[in-house]
Amino acid sequence: MPERPLLPLWLALPVAIAGGAVLDLAFPDIGIWPLAFVGAALTLVTLIGRSAWGSVAVGAVFAASFYLLHIAWITRYLGAVPWFALAGVETILSAVGAIVITLSYRWLPRLLPGSWARVTLLPALVAAAWTAREQFMGSWPYTGFPWARLGMSQADSPLAELASWLGVSGLTFVMVFVVAAAIEAVRLRVWRRVRLLAPAAVAAAVLVLIPQFPTTDAGTMRVGAVQGNGPSGFFDRREPYDVFRAQLAATQPLIGKKLDVLLWPEGGVDADPLNNSSIAGALDDLSREVEAPLLVNAATERDSLVYNTSMLWQAGRKNPLAIHDKTHPVPMGEYVPDRWFFEALAPDLVGLITREYTPGTNPPFFDVNGVGVGLAICFDVIYDDVIWQGARDGAEVYMFQTNNADFRGTDENVQQLGFARMRAIETGRAVVNISTVGTSQVIGPDGSVIDGLAADTSGALLVDVPLRTGLTPAVVIGPAVQWVLGWSALPVLLLLGVLVRRRTKAAPSAKDDAAEV
(Lines give C-alpha, C1' and ligand atoms only; values in the text may rest on other atoms or scores of the structure.)
Protein backbone atom coordinates (compact mmCIF):
# COMPACT_ATOMS: atom_id res chain seq x y z
CA MET A 1 0.00 0.00 0.00
CA PRO A 2 1.31 3.50 -0.78
CA GLU A 3 2.18 5.56 2.25
CA ARG A 4 -0.18 8.27 3.39
CA PRO A 5 0.75 11.90 2.74
CA LEU A 6 2.93 13.41 5.41
CA LEU A 7 0.58 16.42 5.49
CA PRO A 8 -3.13 16.45 4.67
CA LEU A 9 -3.93 18.47 1.57
CA TRP A 10 -5.66 21.25 3.50
CA LEU A 11 -2.39 21.83 5.38
CA ALA A 12 0.00 21.03 2.53
CA LEU A 13 -1.35 23.81 0.31
CA PRO A 14 -0.64 26.71 2.70
CA VAL A 15 2.71 25.16 3.65
CA ALA A 16 3.64 25.03 -0.05
CA ILE A 17 2.59 28.66 -0.50
CA ALA A 18 4.77 29.61 2.47
CA GLY A 19 7.64 27.60 0.98
CA GLY A 20 7.54 29.59 -2.25
CA ALA A 21 7.51 32.91 -0.41
CA VAL A 22 10.36 31.85 1.87
CA LEU A 23 12.45 30.66 -1.08
CA ASP A 24 12.06 34.04 -2.78
CA LEU A 25 13.54 35.70 0.32
CA ALA A 26 16.76 33.71 -0.24
CA PHE A 27 17.41 35.61 -3.49
CA PRO A 28 18.36 39.29 -3.84
CA ASP A 29 17.16 41.93 -3.01
CA ILE A 30 16.51 40.37 0.44
CA GLY A 31 19.14 37.66 0.00
CA ILE A 32 18.83 35.68 3.26
CA TRP A 33 20.57 32.66 1.75
CA PRO A 34 19.84 30.07 4.51
CA LEU A 35 16.14 30.46 3.70
CA ALA A 36 16.78 28.51 0.49
CA PHE A 37 17.02 25.38 2.67
CA VAL A 38 13.84 26.29 4.54
CA GLY A 39 11.91 26.91 1.32
CA ALA A 40 13.10 23.61 -0.15
CA ALA A 41 12.16 21.73 3.02
CA LEU A 42 8.67 23.22 3.08
CA THR A 43 7.94 22.11 -0.46
CA LEU A 44 9.45 18.63 -0.06
CA VAL A 45 7.34 17.76 2.99
CA THR A 46 4.20 18.67 1.04
CA LEU A 47 5.08 16.18 -1.72
CA ILE A 48 5.77 13.10 0.41
CA GLY A 49 3.05 10.48 0.02
CA ARG A 50 0.93 12.53 -2.38
CA SER A 51 -0.98 11.23 -5.37
CA ALA A 52 0.10 12.48 -8.79
CA TRP A 53 -2.69 15.06 -8.90
CA GLY A 54 -2.05 16.02 -5.30
CA SER A 55 1.60 16.68 -6.10
CA VAL A 56 0.55 18.81 -9.07
CA ALA A 57 -1.66 20.87 -6.77
CA VAL A 58 0.92 21.54 -4.07
CA GLY A 59 3.69 21.91 -6.66
CA ALA A 60 1.62 24.52 -8.48
CA VAL A 61 0.84 26.66 -5.44
CA PHE A 62 4.49 26.51 -4.35
CA ALA A 63 5.71 27.60 -7.79
CA ALA A 64 3.02 30.28 -8.20
CA SER A 65 3.87 31.75 -4.79
CA PHE A 66 7.57 31.79 -5.65
CA TYR A 67 7.47 33.06 -9.24
CA LEU A 68 4.80 35.72 -8.75
CA LEU A 69 7.06 37.25 -6.11
CA HIS A 70 10.40 36.50 -7.73
CA ILE A 71 9.74 38.00 -11.17
CA ALA A 72 7.36 40.80 -10.19
CA TRP A 73 9.90 43.13 -11.82
CA ILE A 74 8.36 42.25 -15.20
CA THR A 75 5.41 44.51 -14.35
CA ARG A 76 7.60 47.65 -14.20
CA TYR A 77 6.55 48.79 -17.68
CA LEU A 78 4.72 45.91 -19.30
CA GLY A 79 2.00 45.35 -16.72
CA ALA A 80 0.42 42.18 -15.41
CA VAL A 81 -0.07 40.13 -18.60
CA PRO A 82 3.61 39.16 -19.21
CA TRP A 83 4.06 38.65 -15.47
CA PHE A 84 1.18 36.18 -15.21
CA ALA A 85 2.14 34.56 -18.51
CA LEU A 86 5.74 33.79 -17.55
CA ALA A 87 4.89 32.91 -13.94
CA GLY A 88 2.08 30.73 -15.26
CA VAL A 89 4.33 28.78 -17.63
CA GLU A 90 6.94 28.26 -14.91
CA THR A 91 4.21 27.21 -12.47
CA ILE A 92 2.84 24.57 -14.85
CA LEU A 93 6.28 23.15 -15.61
CA SER A 94 7.27 23.15 -11.94
CA ALA A 95 4.01 21.44 -10.97
CA VAL A 96 4.57 18.69 -13.55
CA GLY A 97 8.11 18.27 -12.27
CA ALA A 98 6.73 17.84 -8.76
CA ILE A 99 5.25 14.52 -9.88
CA VAL A 100 8.78 13.21 -10.49
CA ILE A 101 9.78 14.13 -6.93
CA THR A 102 6.63 12.51 -5.51
CA LEU A 103 7.24 9.30 -7.47
CA SER A 104 10.78 9.21 -6.08
CA TYR A 105 9.33 9.25 -2.57
CA ARG A 106 6.77 6.59 -3.52
CA TRP A 107 8.77 4.03 -5.46
CA LEU A 108 12.29 3.86 -4.03
CA PRO A 109 11.20 2.99 -0.45
CA ARG A 110 9.00 0.16 -1.81
CA LEU A 111 12.03 -1.51 -3.34
CA LEU A 112 14.61 -0.45 -0.75
CA PRO A 113 12.76 0.11 2.53
CA GLY A 114 15.83 0.01 4.77
CA SER A 115 16.74 2.99 6.92
CA TRP A 116 20.09 3.62 5.25
CA ALA A 117 18.54 3.61 1.79
CA ARG A 118 16.02 6.14 3.11
CA VAL A 119 18.74 8.56 4.21
CA THR A 120 21.15 8.06 1.28
CA LEU A 121 19.63 6.77 -1.95
CA LEU A 122 16.22 8.41 -1.53
CA PRO A 123 17.63 11.92 -0.90
CA ALA A 124 19.98 11.45 -3.86
CA LEU A 125 17.07 10.57 -6.15
CA VAL A 126 14.96 13.47 -4.83
CA ALA A 127 17.87 15.88 -5.32
CA ALA A 128 18.43 14.58 -8.85
CA ALA A 129 14.71 14.96 -9.64
CA TRP A 130 14.75 18.57 -8.37
CA THR A 131 17.90 19.31 -10.38
CA ALA A 132 16.46 17.71 -13.53
CA ARG A 133 13.35 19.87 -13.15
CA GLU A 134 15.53 22.99 -12.98
CA GLN A 135 17.49 21.93 -16.06
CA PHE A 136 14.34 21.19 -18.04
CA MET A 137 12.75 24.53 -17.12
CA GLY A 138 16.03 26.19 -18.07
CA SER A 139 15.95 24.82 -21.59
CA TRP A 140 12.25 24.54 -22.59
CA PRO A 141 10.07 25.94 -24.02
CA TYR A 142 12.18 27.71 -26.61
CA THR A 143 15.40 28.51 -24.72
CA GLY A 144 13.83 28.15 -21.29
CA PHE A 145 14.17 30.43 -18.28
CA PRO A 146 16.93 29.25 -15.90
CA TRP A 147 16.55 32.36 -13.74
CA ALA A 148 15.58 30.82 -10.42
CA ARG A 149 17.86 27.84 -9.87
CA LEU A 150 18.30 27.03 -6.20
CA GLY A 151 22.09 27.21 -6.39
CA MET A 152 21.93 30.74 -7.78
CA SER A 153 20.55 31.95 -4.44
CA GLN A 154 23.92 31.48 -2.75
CA ALA A 155 25.98 34.41 -4.07
CA ASP A 156 26.39 35.82 -0.54
CA SER A 157 26.92 32.40 1.01
CA PRO A 158 30.14 30.53 1.81
CA LEU A 159 28.45 27.53 0.21
CA ALA A 160 28.78 29.12 -3.23
CA GLU A 161 32.38 27.92 -3.49
CA LEU A 162 31.18 24.40 -4.22
CA ALA A 163 29.91 25.72 -7.58
CA SER A 164 33.54 25.93 -8.75
CA TRP A 165 33.68 22.14 -8.48
CA LEU A 166 30.20 21.02 -9.53
CA GLY A 167 28.64 24.05 -11.20
CA VAL A 168 25.34 25.62 -10.21
CA SER A 169 23.42 22.40 -10.92
CA GLY A 170 25.77 20.45 -8.66
CA LEU A 171 25.32 23.03 -5.91
CA THR A 172 21.55 22.70 -6.24
CA PHE A 173 21.85 18.91 -5.99
CA VAL A 174 23.89 18.96 -2.78
CA MET A 175 21.61 21.56 -1.16
CA VAL A 176 18.49 19.50 -1.87
CA PHE A 177 20.27 16.32 -0.74
CA VAL A 178 21.01 17.91 2.64
CA VAL A 179 17.38 18.93 3.07
CA ALA A 180 15.91 15.61 1.91
CA ALA A 181 18.34 13.54 4.00
CA ALA A 182 17.55 15.61 7.10
CA ILE A 183 13.82 15.17 6.53
CA GLU A 184 14.18 11.40 6.24
CA ALA A 185 16.35 11.26 9.36
CA VAL A 186 13.63 13.08 11.29
CA ARG A 187 10.93 10.80 9.88
CA LEU A 188 12.98 7.80 11.07
CA ARG A 189 13.20 9.29 14.60
CA VAL A 190 16.82 10.33 14.42
CA TRP A 191 16.84 11.04 18.17
CA ARG A 192 16.77 7.27 18.65
CA ARG A 193 19.47 6.56 16.03
CA VAL A 194 21.64 9.63 15.68
CA ARG A 195 23.85 7.91 13.10
CA LEU A 196 21.04 8.29 10.56
CA LEU A 197 21.88 11.98 10.45
CA ALA A 198 25.36 11.18 9.10
CA PRO A 199 24.53 11.46 5.36
CA ALA A 200 22.94 14.89 5.82
CA ALA A 201 25.83 15.98 8.05
CA VAL A 202 28.46 14.80 5.55
CA ALA A 203 26.71 16.59 2.67
CA ALA A 204 26.42 19.74 4.80
CA ALA A 205 30.14 19.51 5.58
CA VAL A 206 30.86 19.29 1.84
CA LEU A 207 28.86 22.49 1.35
CA VAL A 208 30.59 24.33 4.16
CA LEU A 209 34.17 23.06 4.07
CA ILE A 210 35.14 22.57 0.43
CA PRO A 211 36.98 25.72 -0.70
CA GLN A 212 36.76 27.36 -4.09
CA PHE A 213 38.88 25.63 -6.72
CA PRO A 214 42.01 27.75 -7.25
CA THR A 215 42.78 29.32 -10.60
CA THR A 216 46.14 30.82 -11.53
CA ASP A 217 47.02 34.51 -11.29
CA ALA A 218 47.78 35.92 -14.75
CA GLY A 219 48.29 39.61 -13.97
CA THR A 220 45.77 42.40 -14.44
CA MET A 221 43.92 44.25 -17.18
CA ARG A 222 43.06 47.93 -16.79
CA VAL A 223 39.39 48.21 -17.72
CA GLY A 224 37.43 51.40 -18.15
CA ALA A 225 33.69 50.62 -17.86
CA VAL A 226 31.06 53.29 -18.51
CA GLN A 227 27.48 53.52 -17.27
CA GLY A 228 25.91 56.37 -19.23
CA ASN A 229 22.46 56.30 -17.60
CA GLY A 230 20.95 57.32 -20.92
CA PRO A 231 17.30 56.89 -21.96
CA SER A 232 17.72 53.24 -22.95
CA GLY A 233 14.41 51.80 -21.74
CA PHE A 234 11.85 50.44 -24.18
CA PHE A 235 9.39 53.23 -23.41
CA ASP A 236 11.90 56.02 -22.70
CA ARG A 237 11.45 59.20 -24.71
CA ARG A 238 14.59 59.85 -26.69
CA GLU A 239 15.99 61.25 -29.87
CA PRO A 240 18.32 59.30 -32.16
CA TYR A 241 21.82 58.86 -30.64
CA ASP A 242 20.72 60.01 -27.14
CA VAL A 243 22.05 56.82 -25.54
CA PHE A 244 25.30 57.08 -27.51
CA ARG A 245 25.73 60.70 -26.40
CA ALA A 246 25.10 59.75 -22.77
CA GLN A 247 27.78 57.08 -23.01
CA LEU A 248 30.22 59.52 -24.59
CA ALA A 249 29.61 62.09 -21.87
CA ALA A 250 30.14 59.56 -19.08
CA THR A 251 33.35 58.39 -20.76
CA GLN A 252 35.02 61.81 -20.59
CA PRO A 253 36.69 61.26 -17.17
CA LEU A 254 38.60 58.35 -18.72
CA ILE A 255 40.14 60.43 -21.52
CA GLY A 256 43.86 60.68 -20.94
CA LYS A 257 43.91 57.75 -18.53
CA LYS A 258 45.81 54.58 -19.35
CA LEU A 259 43.39 51.85 -20.46
CA ASP A 260 43.70 48.35 -21.85
CA VAL A 261 40.06 48.30 -23.00
CA LEU A 262 37.00 50.53 -22.79
CA LEU A 263 33.77 48.65 -22.04
CA TRP A 264 30.27 49.93 -22.78
CA PRO A 265 26.99 48.19 -21.89
CA GLU A 266 24.39 46.42 -23.99
CA GLY A 267 22.70 48.91 -26.30
CA GLY A 268 25.25 51.59 -25.44
CA VAL A 269 25.42 52.38 -29.16
CA ASP A 270 21.85 53.07 -30.29
CA ALA A 271 22.64 52.82 -34.01
CA ASP A 272 24.20 50.13 -36.16
CA PRO A 273 27.91 50.94 -36.70
CA LEU A 274 28.10 48.24 -39.38
CA ASN A 275 25.66 50.21 -41.51
CA ASN A 276 26.11 53.75 -40.20
CA SER A 277 29.37 55.37 -41.25
CA SER A 278 29.02 58.35 -38.92
CA ILE A 279 28.69 56.11 -35.86
CA ALA A 280 31.58 53.97 -37.08
CA GLY A 281 33.70 57.09 -37.45
CA ALA A 282 32.72 58.27 -33.96
CA LEU A 283 33.82 54.94 -32.52
CA ASP A 284 37.13 55.24 -34.35
CA ASP A 285 37.59 58.72 -32.86
CA LEU A 286 36.77 57.47 -29.37
CA SER A 287 39.24 54.62 -29.66
CA ARG A 288 41.95 57.11 -30.68
CA GLU A 289 41.09 59.39 -27.75
CA VAL A 290 41.33 56.65 -25.13
CA GLU A 291 44.20 54.94 -26.98
CA ALA A 292 42.58 51.55 -26.43
CA PRO A 293 40.21 49.12 -28.11
CA LEU A 294 36.48 49.40 -27.41
CA LEU A 295 34.10 46.63 -26.45
CA VAL A 296 30.68 47.97 -27.41
CA ASN A 297 27.21 46.63 -28.19
CA ALA A 298 24.46 47.54 -30.64
CA ALA A 299 21.62 46.03 -32.64
CA THR A 300 23.11 45.13 -36.02
CA GLU A 301 21.68 43.96 -39.31
CA ARG A 302 23.51 41.49 -41.53
CA ASP A 303 22.05 39.57 -44.46
CA SER A 304 18.56 40.89 -43.60
CA LEU A 305 18.78 39.42 -40.08
CA VAL A 306 18.97 41.43 -36.86
CA TYR A 307 21.32 40.53 -34.01
CA ASN A 308 22.13 41.77 -30.52
CA THR A 309 25.84 42.21 -31.16
CA SER A 310 28.94 42.87 -29.08
CA MET A 311 31.86 44.25 -31.09
CA LEU A 312 35.57 44.70 -30.56
CA TRP A 313 36.56 48.01 -32.16
CA GLN A 314 39.95 49.69 -32.53
CA ALA A 315 41.00 52.76 -34.46
CA GLY A 316 43.26 52.15 -37.44
CA ARG A 317 42.04 48.57 -37.89
CA LYS A 318 39.43 46.97 -40.12
CA ASN A 319 36.44 47.08 -37.80
CA PRO A 320 34.88 45.35 -36.10
CA LEU A 321 37.85 43.20 -35.15
CA ALA A 322 35.47 40.57 -33.77
CA ILE A 323 31.77 40.16 -33.13
CA HIS A 324 29.64 38.09 -30.79
CA ASP A 325 25.88 37.86 -31.24
CA LYS A 326 23.70 37.09 -28.25
CA THR A 327 23.29 33.32 -28.04
CA HIS A 328 19.89 33.21 -26.37
CA PRO A 329 17.68 36.18 -27.32
CA VAL A 330 14.80 36.49 -24.87
CA PRO A 331 11.52 34.99 -26.12
CA MET A 332 8.71 37.57 -25.95
CA GLY A 333 11.32 40.25 -25.28
CA GLU A 334 13.78 40.25 -28.16
CA TYR A 335 11.79 38.09 -30.54
CA VAL A 336 8.38 36.41 -30.70
CA PRO A 337 8.46 32.68 -31.38
CA ASP A 338 5.37 31.46 -33.21
CA ARG A 339 4.27 35.06 -33.62
CA TRP A 340 1.10 34.09 -35.51
CA PHE A 341 -0.16 32.25 -32.41
CA PHE A 342 0.74 34.82 -29.75
CA GLU A 343 -0.46 37.79 -31.80
CA ALA A 344 -3.86 36.10 -31.95
CA LEU A 345 -3.88 35.97 -28.14
CA ALA A 346 -2.51 39.45 -27.33
CA PRO A 347 -2.08 41.49 -30.53
CA ASP A 348 -1.44 44.85 -28.85
CA LEU A 349 1.19 43.53 -26.47
CA VAL A 350 2.98 41.32 -28.99
CA GLY A 351 2.85 44.12 -31.53
CA LEU A 352 5.18 46.16 -29.31
CA ILE A 353 7.99 43.71 -30.11
CA THR A 354 8.85 44.86 -33.60
CA ARG A 355 12.45 43.71 -33.75
CA GLU A 356 13.18 40.01 -34.24
CA TYR A 357 16.65 39.17 -32.93
CA THR A 358 18.33 36.10 -34.40
CA PRO A 359 20.28 33.74 -32.10
CA GLY A 360 24.03 34.02 -32.56
CA THR A 361 26.32 31.12 -33.31
CA ASN A 362 29.72 32.81 -32.92
CA PRO A 363 31.72 32.13 -29.74
CA PRO A 364 31.32 34.32 -26.62
CA PHE A 365 34.99 35.21 -26.61
CA PHE A 366 37.27 38.04 -27.78
CA ASP A 367 41.05 38.21 -27.89
CA VAL A 368 41.77 41.75 -26.69
CA ASN A 369 45.44 42.38 -27.44
CA GLY A 370 46.42 38.97 -26.13
CA VAL A 371 43.98 38.82 -23.21
CA GLY A 372 41.10 36.34 -23.45
CA VAL A 373 37.76 37.97 -22.63
CA GLY A 374 34.62 35.88 -22.06
CA LEU A 375 31.30 37.49 -22.95
CA ALA A 376 27.65 37.29 -21.97
CA ILE A 377 25.01 39.74 -23.14
CA CYS A 378 22.35 40.46 -20.52
CA PHE A 379 20.29 37.33 -19.72
CA ASP A 380 22.90 35.09 -21.35
CA VAL A 381 24.57 35.18 -17.92
CA ILE A 382 22.08 32.56 -16.73
CA TYR A 383 22.94 30.00 -19.44
CA ASP A 384 25.71 27.57 -18.53
CA ASP A 385 26.73 26.87 -22.13
CA VAL A 386 27.62 30.51 -22.80
CA ILE A 387 29.73 30.87 -19.66
CA TRP A 388 31.50 27.53 -19.99
CA GLN A 389 32.33 28.05 -23.66
CA GLY A 390 33.98 31.39 -22.90
CA ALA A 391 36.23 29.79 -20.30
CA ARG A 392 37.10 26.86 -22.56
CA ASP A 393 37.99 29.25 -25.38
CA GLY A 394 40.55 30.92 -23.14
CA ALA A 395 38.80 33.66 -21.17
CA GLU A 396 40.95 35.15 -18.41
CA VAL A 397 38.23 37.61 -17.41
CA TYR A 398 34.52 38.04 -18.18
CA MET A 399 32.81 41.19 -19.42
CA PHE A 400 29.03 41.12 -19.16
CA GLN A 401 27.04 43.82 -20.96
CA THR A 402 23.45 44.46 -19.95
CA ASN A 403 20.63 46.98 -20.22
CA ASN A 404 18.38 47.02 -17.15
CA ALA A 405 16.53 50.22 -18.05
CA ASP A 406 13.20 48.43 -18.44
CA PHE A 407 13.44 47.26 -14.82
CA ARG A 408 14.54 50.40 -13.00
CA GLY A 409 13.80 50.30 -9.29
CA THR A 410 13.14 46.55 -9.16
CA ASP A 411 14.94 43.43 -7.97
CA GLU A 412 15.84 42.34 -11.53
CA ASN A 413 19.19 44.11 -11.57
CA VAL A 414 20.36 42.84 -8.17
CA GLN A 415 19.22 39.31 -8.99
CA GLN A 416 21.25 39.45 -12.20
CA LEU A 417 24.25 40.79 -10.30
CA GLY A 418 23.94 37.85 -7.91
CA PHE A 419 24.08 35.49 -10.88
CA ALA A 420 27.16 37.33 -12.19
CA ARG A 421 28.86 36.85 -8.82
CA MET A 422 28.01 33.14 -8.92
CA ARG A 423 29.63 32.93 -12.37
CA ALA A 424 32.80 34.53 -11.02
CA ILE A 425 32.99 31.90 -8.26
CA GLU A 426 32.07 29.06 -10.60
CA THR A 427 34.79 29.90 -13.15
CA GLY A 428 37.38 31.45 -10.84
CA ARG A 429 37.48 34.60 -12.96
CA ALA A 430 36.77 38.27 -12.38
CA VAL A 431 33.63 39.73 -13.96
CA VAL A 432 33.01 43.28 -15.13
CA ASN A 433 29.22 43.62 -15.23
CA ILE A 434 28.33 46.93 -16.88
CA SER A 435 24.75 48.20 -17.23
CA THR A 436 23.30 51.15 -19.12
CA VAL A 437 21.57 52.44 -15.99
CA GLY A 438 23.10 50.39 -13.14
CA THR A 439 23.82 48.88 -10.82
CA SER A 440 27.23 48.04 -12.37
CA GLN A 441 29.99 46.13 -10.59
CA VAL A 442 33.50 44.79 -10.92
CA ILE A 443 33.49 41.38 -9.24
CA GLY A 444 36.59 39.51 -8.10
CA PRO A 445 37.31 35.85 -8.91
CA ASP A 446 36.04 34.97 -5.43
CA GLY A 447 32.69 36.72 -5.97
CA SER A 448 33.58 39.78 -3.89
CA VAL A 449 32.67 43.25 -5.17
CA ILE A 450 35.77 45.26 -6.08
CA ASP A 451 34.08 48.44 -7.29
CA GLY A 452 30.73 49.59 -8.59
CA LEU A 453 28.37 52.30 -9.75
CA ALA A 454 24.97 52.87 -8.17
CA ALA A 455 21.77 52.67 -10.17
CA ASP A 456 20.39 55.71 -11.98
CA THR A 457 23.72 57.53 -12.09
CA SER A 458 26.18 58.18 -14.87
CA GLY A 459 29.79 57.38 -14.23
CA ALA A 460 32.92 55.50 -15.18
CA LEU A 461 34.96 52.82 -13.46
CA LEU A 462 38.71 52.43 -13.92
CA VAL A 463 39.90 49.19 -12.34
CA ASP A 464 42.91 46.94 -12.61
CA VAL A 465 40.91 43.76 -12.99
CA PRO A 466 42.64 40.50 -11.98
CA LEU A 467 43.17 37.91 -14.70
CA ARG A 468 43.10 34.16 -14.15
CA THR A 469 43.99 31.06 -16.14
CA GLY A 470 43.18 27.40 -15.54
CA LEU A 471 39.79 25.73 -15.77
CA THR A 472 37.70 24.87 -12.75
CA PRO A 473 36.16 21.38 -12.53
CA ALA A 474 32.75 23.01 -13.01
CA VAL A 475 33.78 24.14 -16.48
CA VAL A 476 35.51 20.89 -17.40
CA ILE A 477 32.91 18.39 -16.18
CA GLY A 478 29.84 20.62 -15.95
CA PRO A 479 27.81 18.84 -18.66
CA ALA A 480 28.62 15.43 -17.15
CA VAL A 481 27.60 16.67 -13.70
CA GLN A 482 24.25 17.78 -15.11
CA TRP A 483 23.67 14.32 -16.55
CA VAL A 484 24.80 12.38 -13.50
CA LEU A 485 23.23 14.59 -10.81
CA GLY A 486 20.20 15.72 -12.77
CA TRP A 487 18.96 13.99 -15.89
CA SER A 488 19.88 10.57 -14.47
CA ALA A 489 16.80 10.82 -12.24
CA LEU A 490 14.53 10.12 -15.20
CA PRO A 491 15.92 6.71 -16.32
CA VAL A 492 16.39 5.67 -12.69
CA LEU A 493 12.80 6.55 -11.90
CA LEU A 494 11.58 4.73 -15.00
CA LEU A 495 13.47 1.62 -13.91
CA LEU A 496 12.02 1.89 -10.40
CA GLY A 497 8.53 2.17 -11.83
CA VAL A 498 8.98 -0.98 -13.89
CA LEU A 499 10.34 -2.94 -10.91
CA VAL A 500 7.56 -1.74 -8.61
CA ARG A 501 4.95 -2.72 -11.19
CA ARG A 502 6.47 -6.20 -11.54
CA ARG A 503 6.57 -6.66 -7.78
CA THR A 504 2.96 -5.52 -7.49
CA LYS A 505 1.86 -8.02 -10.15
CA ALA A 506 3.84 -10.81 -8.52
CA ALA A 507 2.35 -10.23 -5.07
CA PRO A 508 -1.19 -11.53 -5.84
CA SER A 509 0.28 -14.66 -7.48
CA ALA A 510 2.29 -15.42 -4.37
CA LYS A 511 -0.83 -15.02 -2.21
CA ASP A 512 -2.79 -17.36 -4.50
CA ASP A 513 -0.07 -20.01 -4.31
CA ALA A 514 -0.07 -19.80 -0.52
CA ALA A 515 -3.87 -20.18 -0.42
CA GLU A 516 -3.72 -23.35 -2.56
CA VAL A 517 -1.17 -24.91 -0.27
Side-chain angles (χ1 to χ4, degrees), residues 12-31 35-36 39-40 42-43 46-47 53 55-101 130 132-153 172 234 328-338 341-342 345-346 348-350 352-353 378-379 381-383 404 406-416 418-419:
L13 291 173
V15 169
I17 292 171
V22 168
L23 181 57
D24 176 63
L25 296 176
F27 289 82
D29 185 34
I30 304 300
L35 292 182
L42 289 174
T43 188
T46 65
L47 296 173
W53 285 112
S55 64
V56 167
V58 296
V61 297
F62 163 77
S65 170
F66 173 70
Y67 280 103
L68 286 172
L69 293 170
H70 193 60
I71 60 172
W73 40 263
I74 289 179
T75 64
R76 178 67 173 87
Y77 287 107
L78 298 178
V81 173
W83 178 40
F84 280 111
L86 180 55
V89 169
E90 298 304 297
T91 293
I92 292 170
L93 296 177
S94 185
V96 172
I99 298 175
V100 181
I101 297 174
W130 183 301
R133 179 175 63 173
E134 282 191 351
Q135 292 171 181
F136 177 73
M137 294 170 65
S139 57
W140 192 89
Y142 308 113
T143 54
F145 187 64
W147 188 266
R149 297 156 72 186
L150 191 68
M152 281 293 191
S153 67
T172 290
F234 192 82
H328 301 286
V330 179
M332 307 302 173
E334 293 177 305
Y335 77 106
V336 181
D338 301 318
F341 174 76
F342 292 106
L345 296 178
D348 292 339
L349 192 61
V350 172
L352 293 173
I353 307 170
C378 200
F379 282 13
V381 68
I382 60 179
Y383 291 94
N404 305 105
D406 287 327
F407 310 111
R408 288 177 185 264
T410 73
D411 290 347
E412 185 275 340
N413 177 232
V414 289
Q415 288 174 10
Q416 190 173 332
F419 305 156

Please check: side-chain N/O of [X] versus main-chain N/O of [Y], any donor-acceptor pairing under 3.5 Å?
{"X": "Trp130", "Y": "Ile101", "result": "no"}
{"X": "Thr143", "Y": "Ser139", "result": "no"}
{"X": "Thr43", "Y": "Ala40", "result": "no"}

At what distance, to the nearest 0.5 angstrom, does CG of Leu69 lie from CD1 of Ile30?
10.5 Å

Nearest-0.5 Å distance that lies between atom CG in Leu42 and atom CG in Leu47
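The distance works out to 11.5 Å.
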
Apply side chain to side chain contact (heavy atoms under 4.5 Å, CB included) to [X] and list each qualifying residue two or more places apart in sequence or on a separate chain.
{"X": "Ile382", "value": "Pro146, Trp147, Phe419"}
{"X": "Thr410", "value": "Trp73, Arg76, Phe407, Glu412"}
{"X": "Ala16", "value": "Thr46, Val58, Val61, Phe62"}
{"X": "Ala36", "value": "Leu23, Ala26, Leu150, Ser153, Gln154, Met175"}

Begin with the C-alpha distance, continue with both residues' side-chain angles, and end with the deciding distance and a verdict on side-chain contact (heavy atoms from CB on, under 4.5 Å) for Cys378 and Gln416.
CA-CA 8 Å; Cys378 200; Gln416 190 173 332; 4.3 Å; yes

Heavy-atom pair with the smallest gap, counting every atom of [X] and [Y]:
{"X": "Phe379", "Y": "Val330", "result": "CD2-CG2, 3.7 Å"}
{"X": "Ala72", "Y": "Trp83", "result": "CA-NE1, 3.6 Å"}
{"X": "Phe66", "Y": "Ala148", "result": "CE2-CB, 3.4 Å"}
{"X": "Pro82", "Y": "Ile74", "result": "CB-CG2, 3.7 Å"}

Do Asp411 and Pro28 come close enough that some side-chain heavy atom pair is under 4.5 Å?
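A side-chain contact is absent here, since even the closest heavy-atom pair is not under 4.5 Å.
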
Thr172: partners by side chain to side chain donor-acceptor pair (under 3.5 Å), with sequence neighbours left out
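Side chain to side chain donor-acceptor pair (under 3.5 Å) list for Thr172, sorted by chain: Glu134.
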
Looking at the rings of His70 and Phe27, which for Trp means the six-membered one, are their centres under 6.0 Å apart?
yes

Return a table of donor-acceptor pairs under 3.5 angstrom between the side chains of residues 90-98 and protein atoms on other chains or two or more places apart.
{"unit_1": "Thr91", "atom_1": "OG1", "unit_2": "Ala64", "atom_2": "N", "d": "3.4"}
{"unit_1": "Thr91", "atom_1": "OG1", "unit_2": "Ala87", "atom_2": "O", "d": "2.7"}
{"unit_1": "Ser94", "atom_1": "OG", "unit_2": "Arg133", "atom_2": "NH1", "d": "3.3"}

If you look only at pairs with a residue in residues 136-150, which of them pass as a salt bridge (Lys or Arg N to Asp or Glu O under 4.0 Å), with sequence neighbours excluded?
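Salt bridge (Lys or Arg N to Asp or Glu O under 4.0 Å) check on residues 136-150 returns Arg149-Asp384.
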
